[in-house]
Structures are given as C-alpha cells and as structure tokens.
Amino acid sequence: MPPSDKTFTRYQDLIKLHTGIYLPPHKKTLLHSRLSKRLFVSAIASYDEYFDWLVSSAGESELQVALELVTTNETYFFREPAHFEFIKELLDKQPKSGERFSAWSAASSSGEEAYSLAMVLQAYCFKPWELLASDINSSVISEAKKGIYINQRTSKIPPEFLNKYCRKGVGKFQGYLRIVPELRNKVKFDTLNLMSTLQDLGKFDLILIRNVMIYFDDETREAILRKLSKHLKPSGWLFVSHSESLHGVSGDYYSIKPSIYRLAAYRDEHRN
Ligand SMILES: C[S@@+](CC[C@H](N)C(=O)[O-])C[C@H]1O[C@@H](n2cnc3c(N)ncnc32)[C@H](O)[C@@H]1O
C-alpha cells in the first residue's frame, strides 16, 4: 500500500532535510515505487513503521539507502553539447601556464558528465588540470570510479575522443567500453552532499551543477548557490542545465548566456 498523505508529508520533510530534494504531492507514487521493495525485503508492513526505523539511531545506514533510492540519476555523455563547446573556447583563451585549472562536477551521477569534461580538458587545456566529481549517492560514485559503460550509452562521445580515451571491452566485457586509466586516474570521485558544509574543497575555475537543482525548491537552490559561490574563483564559471535558470533565485551570479554564469562580484569589479 502506498503511504497515506499524512505519512507522505513526513517523508517529504525527511528527504528535504537530508538531500534538499523536494517531492511535490504528485510524487507520492514515485516514492512508493522507489521504496516498496525495501519495505518488502526488510519485512516491514507499513511506511510509518519504515519511517520510524529510518529516524531511529539503528536506522542510520538504512536512511542512506532510502535517500539514494529517492535520487534520480539520469545522465549521459556530452549532455548539452553547447556547454562543452563553450568550455573548449574558454580553455583556448586561458594562459598556457600558471595556476592549475580546476573543475568540479558537483552532481556527477555515474560519471558521464565528469568524463566528458575530462576528455575536453585533456584535449584542450594546455596547463595542468584537476577535476573533482561528486554526488550524494555513493552507489553511482562507485560506478563512476570503475569508468565502465555499456556501448549503447556512449554514442554521444565524439569519435576522436572514443578513439583516444576509451577502450573496448573483451571477454565478459564485450559490449562495454572503459575510460582509459590516464583519464580515470585524473578524476577524483567522492560522495558529497551539497546540503552539508562544504569545507576544504578549495576554489574552482569551473563548476557544473546541472540537472540537480530542478529537484530543489527556491530556498534550497538559493542556499546551495550561495555556498557554491564561495568555491568559485573570482573569474570562475558556473554551468546549470539549459532547463534551469538562476533568474530570481540568486543575485550572486550574472548570466553570460543562458545557463552559464559568473560571479556578480567579478562583473562589478571589472565595471569600473
Ligand atoms: C539527474 S542527475 C544529473 C547528473 C549530471 N549532472 C547531468 O546533468 O547529467 C542528478 C544527480 O544529483 C544528485 N543529487 C541529488 N541531490 C544531491 C545533493 N543534495 N548533493 C549532491 N548530489 C545530489 C543525484 O544523486 C543525481 O545523481
């Protein structure tokens, strides 16, 4: 049985508290479809009983499982290709030496976004670079670290990058390809919740935070964007999805073109 409206509200609050994800009332069936199997395998009879377990001290690891089941991890290589074209151009304008270029894929899911960016950096960044890729969901981060993808999911990788940065699987890995170790080893994957205090991350030239803020309400979006602004270098760039906009959500940034932002403080400083 799906949760009652009253029980669903308790889940809504719990999920928002821990992940920032706001599940509107029409997502009650989604919650049921994602969690029902867990209740079944744990021999739990009701959503209220499961909730009590999740919030108890004994339910800490189950809470992590439940939260991961609620996240939507859809992603693919070179999603929104205009972003990668733009990054290629901005790398071209970068000084050829000096400080390391640093980038962060802040909701990386299973790694397709991060490896797409890594390929572009490897091909077009003329100075050392580093890339952090993180997600709240530890299972997708484990997948990302392996860097193994079924062939059907790799059709958007440009042919020259496929040749250079991917290897065909053989034997039991036939039908899969793997990102080459030289690239895999350059991406640091980590489990990280954007709702937590993001200490010691340092500052980045470029942050991709794409297709995740659609799951947050305005208040959460604003708080996370403020937090991210502290991790962007003064001249840095922030990329959201083309279906997202910071308009009316954050005054800390200004738009360069749809979905690409820089810090308002940087514009103000360079105005005079
Ligand atoms: C739809 S995927 C987007 C993946 C990739 N950025 C892209 O555009 O293809 C959204 C990702 O955001 C992650 N996510 C959701 N809430 C998060 C949070 N509070 N902190 C970090 N990641 C989160 C989910 O686990 C999921 O993998």
Side-chain angles (χ1 to χ4, degrees), residues 11-24 27 30-31 34-35 63-87 103-120 131-147 149 153-157 179 187-199 201 204 206-228 230-231 237-246 258-261:
Y11 278 89
Q12 262 181 327
D13 293 345
L14 184 72
I15 291 163
K16 190 177 160 200
L17 176 73
H18 288 282
T19 66
I21 296 170
Y22 169 66
L23 291 181
K27 293 279 171 83
L30 179 132
L31 183 80
R34 301 268 177 100
L35 296 186
L63 177 61
Q64 183 63 20
V65 173
L67 295 176
E68 292 195 1
L69 286 170
V70 170
T71 62
T72 298
N73 311 115
E74 195 206 332
T75 185
Y76 45 92
F77 283 99
F78 288 89
R79 188 177 195 174
E80 305 190 48
H83 282 164
F84 296 98
E85 282 303 316
F86 187 92
I87 293 168
W104 179 21
S105 162
S108 70
S109 189
S110 37
E112 287 86 335
E113 177 181 274
Y115 287 127
S116 305
L117 180 56
M119 290 178 198
V120 172
L131 171 55
L132 169 67
S134 62
D135 198 283
I136 193 174
N137 186 323
S138 59
S139 314
V140 291
I141 288 296
S142 303
E143 285 308 305
K145 281 180 184 165
K146 290 182 204 151
Y149 300 93
R153 296 189 51 81
T154 59
S155 59
K156 297 269 188 330
I157 303 178
I179 307 296
V187 188
K188 182 178 181 289
F189 284 102
D190 214 347
T191 305
L192 199 153
N193 184 351
L194 293 166
M195 296 292 282
S196 62
T197 39
L198 306 172
Q199 280 162 345
L201 278 187
F204 299 90
L206 192 153
I207 299 178
L208 300 187
I209 169 110
R210 308 188 309 162
N211 300 296
V212 58
M213 285 194 291
I214 36 166
Y215 301 106
F216 303 152
D217 62 14
D218 278 354
E219 186 195 351
T220 308
R221 277 187 205 123
E222 190 182 359
I224 287 178
L225 286 163
R226 167 118 331 147
K227 229 184 264 186
L228 294 186
K230 311 274 182 276
H231 294 284
W237 307 80
L238 181 101
F239 291 70
V240 299
S241 152
H242 283 90
S243 61
E244 298 162 314
S245 164
L246 307 195
S259 76
I260 304 178
Y261 294 85

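Counting convention: from 1, in listed order, for ligands and their atoms alike.
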J.: Around atom 4 (C) of ligand 1, find the nearest protein heavy atom and jot down its residue, atom name and distance.
T.: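 For this ligand atom, the closest protein heavy atom is A107 O, 3.3 Å.
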J.: Is a donor on one side and an acceptor on the other found under 3.5 Å between the side chain of S105 and the backbone of A133?
T.: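 Side chain of S105 to backbone of A133, a donor-acceptor pair under 3.5 Å: no, none is there.
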J.: Looking only at non-hydrogen atoms, which of D135, N137, L67, I141 approaches atom 24 (C) of ligand 1 most closely?
T.: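 Shortest heavy-atom distance from atom 24 (C) of ligand 1: D135.
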J.: As an exercise, identify every atom of ligand 1 less than 4.0 angstrom from a heavy atom of N211.
T.: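 Under 4.0 Å from N211, ligand 1 has these atoms: 1 (C), 2 (S), 3 (C), 7 (C), 8 (O), 10 (C).
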J.: Any atoms of ligand 1 less than 4.0 Å from a non-hydrogen atom of T71? List them with their elements.
T.: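 Listed by number with element: 24 (C), 25 (O).
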J.: Please classify the L208 to ligand 1 contact at 4.0 Å (heavy-atom distances, strictly less than): side chain, backbone, both or neither.
T.: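 For L208, there is no contact with ligand 1 at all, from either part.
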J.: Write out the residue and atom name of the closest protein heavy atom to atom 23 (C) of ligand 1, then the distance separating them to 0.1 Å.
T.: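 Here the closest protein heavy atom is I136 CG2, 3.4 Å.
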J.: Determine whether the side chain, the backbone, both or neither of N193 has a heavy atom under 4.0 Å from any heavy atom of ligand 1.
T.: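 Looking at N193 and ligand 1, atoms from backbone and side chain both fall under 4.0 Å.
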J.: Please identify which atoms of ligand 1 are closer than 4.0 Å to at least one heavy atom of S109.
T.: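 In order of numbering, the contacting atoms are 4 (C), 27 (O).
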J.: Note the single closest protein heavy atom to atom 19 (N) of ligand 1, along with its residue, its atom name and the distance in Å.
T.: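 Result for atom 19 (N) of ligand 1: T19 O, 2.8 Å.
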J.: When the ring planes of H242 and H83 are compared, do they come out parallel, tilted or perpendicular, using 30° and 60° as the limits?
T.: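 Aromatic pair H242/H83 classed parallel.
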J.: Out of all atoms in ligand 1, which are within 4.0 Å of some heavy atom of L192? Include the element for each.
T.: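 Once the distances to L192 are compared, the set is 20 (N), 21 (C).
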J.: Evaluating non-hydrogen atoms only, which member of T72, T75, T220 is closest to atom 2 (S) of ligand 1?
T.: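 Looking at heavy atoms only, the winner is T72.
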J.: Any non-hydrogen side-chain atom of L35 less than 4.5 Å from a side-chain atom of Y11?
T.: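 Counting from C-beta outward, L35 and Y11 do come under 4.5 Å.
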J.: Quick test: of every protein heavy atom, which one is nearest to atom 15 (C) of ligand 1, and how far off is it to 0.1 Å?
T.: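 In this structure, atom 15 (C) of ligand 1 has V212 CG2, 3.6 Å as its nearest protein heavy atom.
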J.: Which atoms of ligand 1 have any heavy atom of R210 under 4.0 Å away?
T.: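 So the atoms of ligand 1 that pass are 3 (C), 5 (C), 6 (N), 7 (C), 8 (O).
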J.: Counting each atom of ligand 1 from 1 as listed, which ones have a heavy atom of L194 under 4.0 Å away?
T.: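 Here the atoms of ligand 1 in question are 18 (C), 19 (N), 20 (N), 21 (C).
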